[in-house]
Amino acid sequence: MTPLDQPLIESVAIFFNQVMAAIGGNTAGPGDAVLNVYINHDKKFAFVEMRSVEEASNAMALDGIMFEGAPVKVRRPTDYNPSLAAALGPSQPNPNLNLAAVGLTPGSAGGLEGPDRIFVGGLPYYFTEAQVRELLESFGPLRGFDLVKDRETGNSKGYAFCVYQDLSVTDIACAALNGIKMGDKTLTVRRANQGASQPRPEQESILLQAQQQVQMQKLVLQVGGALPTKVVCLTQVVTADELRDDEEYEDSLEDMREEGRKYGNLVKVVIPRPDPSGAPVAGVGKVFLEYADVDGSTRAKTGMHGRKFGGNQVVAVFYPENKFAAEEYDG
């Protein structure tokens, strides 16, 4: 250690002592939780030694906390043995920690250590945190969840980690989700610290139900407009009266083409019109924009949803491509 290290060591120790106290993570009595700090400048990391096993586990919930303007990754040492550590004390953070006191969201990235941590790879890059969580929570509530993002762009890297509150569903979730097709990707789901594992015989019936549940969840995502497709459906944009007049109808078509091209390669615009005879027509009042790829439709949905158009707030959702191709506009 050089004399230059001392101020940084003190800064790290003071910081962790303060945040541990703020979240209620000090369980070994009064005083500071941090015993020692070691800085490795070459590899740009630090070891922070806590005075108790329980407090060290509570500190794992601080993953992602901001320190001197940058997010901190909090991890166990590479030689950490969860099986041996379990005999010494809690290996997971206390679920009642007040993480909001230091600007963290409870259950976001904390609680992601141990043998039951799940790796979820092959996620479509356009999936949001909410969509990934919704799929994973088909099997039960999560103790911890982290969708890994690029530090520069903030975009998803296509993989995540999670831990279930009920650890008994870990293998079931892995077996049910692994190999599932999501958009143009295939999921790889397994325990993070080992290869693929098979569910025990007594879990077989539960696994079958879980796989059915996943398929239903995918259907809900698509029907509910959450799973991205190449087609965007807009409402609150046009009225039936405007569509009856030929000139106004053509103006509306051109307006939608012009607006839609701003977001990507627009292939087609469909605006169903009322029947002159008064017969019901599916989709009247909706505008459908078909794009060449999901990137364009995703930008269009994000850009148009919530915007004001003619005094009305536009609602934009994804629309099933098969229904659009079949000219079924009643969805």
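Nothing here was measured: the structure is a model prediction, and the numbers come from that model. Residue numbers count from 1 along this sequence.
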S.K.: Is there side-chain contact between L123 and V132, with at least one heavy-atom pair below 4.5 Å?
M.R.: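 Yes, at least one pair of side-chain atoms sits under 4.5 Å.
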S.K.: V48, V74: one ILVMFWY side-chain cluster at the under-4.5 Å cut-off?
M.R.: yes
S.K.: If hydrophobic clusters are built by linking Ile, Leu, Val, Met, Phe, Trp and Tyr wherever their side-chain heavy atoms come under 4.5 Å apart, do V287 and V314 end up in the same one?
M.R.: yes
S.K.: For L147 and F127, which heavy atoms make the closest approach, and how far apart are they?
M.R.: CD2-O, 4.1 Å
S.K.: Look at the side chain of D245 and the backbone N and O of E247, then say whether any donor-acceptor pair between them is shorter than 3.5 Å.
M.R.: yes
S.K.: Measure across G260 and L289 and return the closest heavy-atom pair with its distance rounded to 0.1 Å.
M.R.: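 Shortest heavy-atom contact: CA-CD1, 4.5 Å.
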S.K.: Let's go through I23 and L62 carefully: what are the C-alpha distance in whole Å and the side-chain angles of both, what is the deciding distance for side-chain contact (heavy atoms from CB on, under 4.5 Å) to 0.1 Å, and is it a yes or a no?
M.R.: CA-CA 9 Å; I23 67 174; L62 297 172; 3.9 Å; yes
S.K.: Looking at N178 and C174, would you say the former's side chain and the latter's main chain have a donor-acceptor pair under 3.5 Å?
M.R.: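 Not confirmed, N178 side chain does not pair with C174 backbone.
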S.K.: Using modelled atom types and a 3.5 Å cut-off, is there a donor and acceptor pairing between side-chain atoms of E321 and backbone atoms of K230?
M.R.: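 Yes, E321 side chain to K230 backbone: donor-acceptor pair under 3.5 Å.
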S.K.: Please lay out, stage by stage, how S277 and D275 fare under the test side chain to side chain donor-acceptor pair (under 3.5 Å).
M.R.: CA-CA 5 Å; S277 68; D275 191 301; 2.6 Å; yes
S.K.: Give a yes or no on whether L97 and V53 share a hydrophobic cluster (residues Ile, Leu, Val, Met, Phe, Trp, Tyr; joining criterion: side-chain heavy atoms under 4.5 Å apart).
M.R.: no
S.K.: Counting only heavy atoms from other residues, nucleotides and ligands, does the tally under 6.0 Å from CD of E258 exceed 12?
M.R.: no
S.K.: Apply the test side-chain contact (heavy atoms from CB on, under 4.5 Å) to residues V281 and R273: give CA-CA distance (whole Å), side-chain angles for both, the deciding distance (0.1 Å), then the verdict.
M.R.: CA-CA 7 Å; V281 175; R273 296 184 72 179; over 6 Å; no
S.K.: Please check this pair: side chain of S52 against backbone of A28, looking for a donor-acceptor N/O pair closer than 3.5 Å.
M.R.: no
S.K.: Would a distance-only check, ignoring hydrogens and angles, find a side-chain to backbone donor-acceptor pair under 3.5 Å from T302 to R299?
M.R.: no
S.K.: State, with a plain yes or no, whether a side-chain heavy atom of K268 is found less than 4.5 Å away from one of F324.
M.R.: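 Touching, per the 4.5 Å side-chain cut-off.
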S.K.: Hey, does the side chain of S297 reach the backbone of T229 with a donor-acceptor pair shorter than 3.5 angstrom?
M.R.: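 The answer is yes, because a donor-acceptor pair under 3.5 Å joins these two groups.
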S.K.: With distance as the sole test, does N40 use its side chain to make a donor-acceptor pair with the main-chain N or O of A46 at under 3.5 Å?
M.R.: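 Absent.
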S.K.: To the nearest 0.5 Å, what is the distance between OG1 on T188 and CD1 on I180?
M.R.: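 With rounding to 0.5 Å, OG1 (T188) is 12.0 Å from CD1 (I180).
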S.K.: Examine L8 and F15 and state if one hydrophobic cluster contains both, with Ile, Leu, Val, Met, Phe, Trp and Tyr joined whenever side-chain heavy atoms are less than 4.5 Å apart.
M.R.: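 Yes, because L8 and F15 connect within a single hydrophobic cluster, where side-chain heavy atoms sit under 4.5 Å apart.
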S.K.: With heavy-atom distances below 4.5 Å as the criterion, would you say the side chains of T298 and F318 are in contact?
M.R.: yes
S.K.: Do the non-hydrogen side-chain atoms of N36 and F47 ever get within less than 4.5 Å of each other?
M.R.: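 When only atoms from C-beta onward are counted, F47 and N36 do not touch, as no gap falls below 4.5 Å.
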S.K.: Can you check side-chain contact (heavy atoms from CB on, under 4.5 Å) on V34 and M50, steps first, answer last?
M.R.: CA-CA 5 Å; V34 177; M50 298 291 179; 4.0 Å; yes
S.K.: Taking all atoms of both residues into account, what is the closest heavy-atom pair of P93 and M60, and its distance?
M.R.: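 Taking every non-hydrogen atom into account, CG-CB, 4.2 Å.
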S.K.: If you take all heavy atoms of G31 and R51, which pair is closest and at what distance?
M.R.: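 Looks like O-NH2, 3.6 Å.
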S.K.: For residues P272 and Y329, report the shortest heavy-atom separation together with the two atoms involved.
M.R.: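 Closest approach of P272 to Y329, heavy atoms only: CG-CD1, 3.9 Å.
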S.K.: Does the E55 side chain pair with the main chain of T27, one donor and one acceptor, at a distance under 3.5 Å?
M.R.: yes
S.K.: Do you know the tightest heavy-atom contact between R244 and D241?
M.R.: NH1-OD1, 2.6 Å
S.K.: If you count the non-hydrogen atoms of other residues, nucleotides and ligands that lie under 6.0 Å from OH in Y125, is the total more than 12?
M.R.: no
S.K.: What distance separates F288 CZ from Y319 OH, expressed to the nearest 0.5 Å?
M.R.: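 Answer for the CZ-OH pair, F288 versus Y319, is 5.0 Å.
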S.K.: Consider only side-chain heavy atoms of I, L, V, M, F, W and Y, link residues closer than 4.5 Å, and tell whether L234 and V267 are in one cluster.
M.R.: no
S.K.: Does the side-chain contact (heavy atoms from CB on, under 4.5 Å) test come out yes or no for C233 and K301, once each step is laid out?
M.R.: CA-CA 8 Å; C233 174; K301 178 181 178 294; over 6 Å; no
S.K.: Should E259 and K262 count as an ion pair when the cut-off is N to O under 4.0 Å?
M.R.: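 Yes.
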S.K.: So how far is it from M304 CE to Q236 CD, rounded to the nearest 0.5 Å?
M.R.: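 The CE atom of M304 sits 15.0 Å away from the CD atom of Q236.
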S.K.: If you define the side chain from C-beta out and look only at heavy atoms, does anything of L253 sit under 4.5 Å from E250?
M.R.: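 Side chain of L253 against side chain of E250, heavy atoms only: contact under 4.5 Å found.
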S.K.: Under 4.0 Å between a side-chain nitrogen and a carboxylate oxygen: does that hold for R191 and D171?
M.R.: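 Salt bridge present between R191 and D171.
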S.K.: Hey, what do you get for CG (N26) to CG (N58), rounding to the nearest 0.5 Å?
M.R.: 8.5 Å
S.K.: Any chance you could measure F161, atom CZ, to I118, atom CD1, to the nearest 0.5 Å?
M.R.: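 The distance works out to 11.5 Å.
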S.K.: Any side-chain heavy atom of Y263 within less than 4.5 Å of one from V232?
M.R.: no
S.K.: Rounded to the nearest 0.5 Å, what separates atom SG in C162 from atom CZ in R143?
M.R.: 11.5 Å
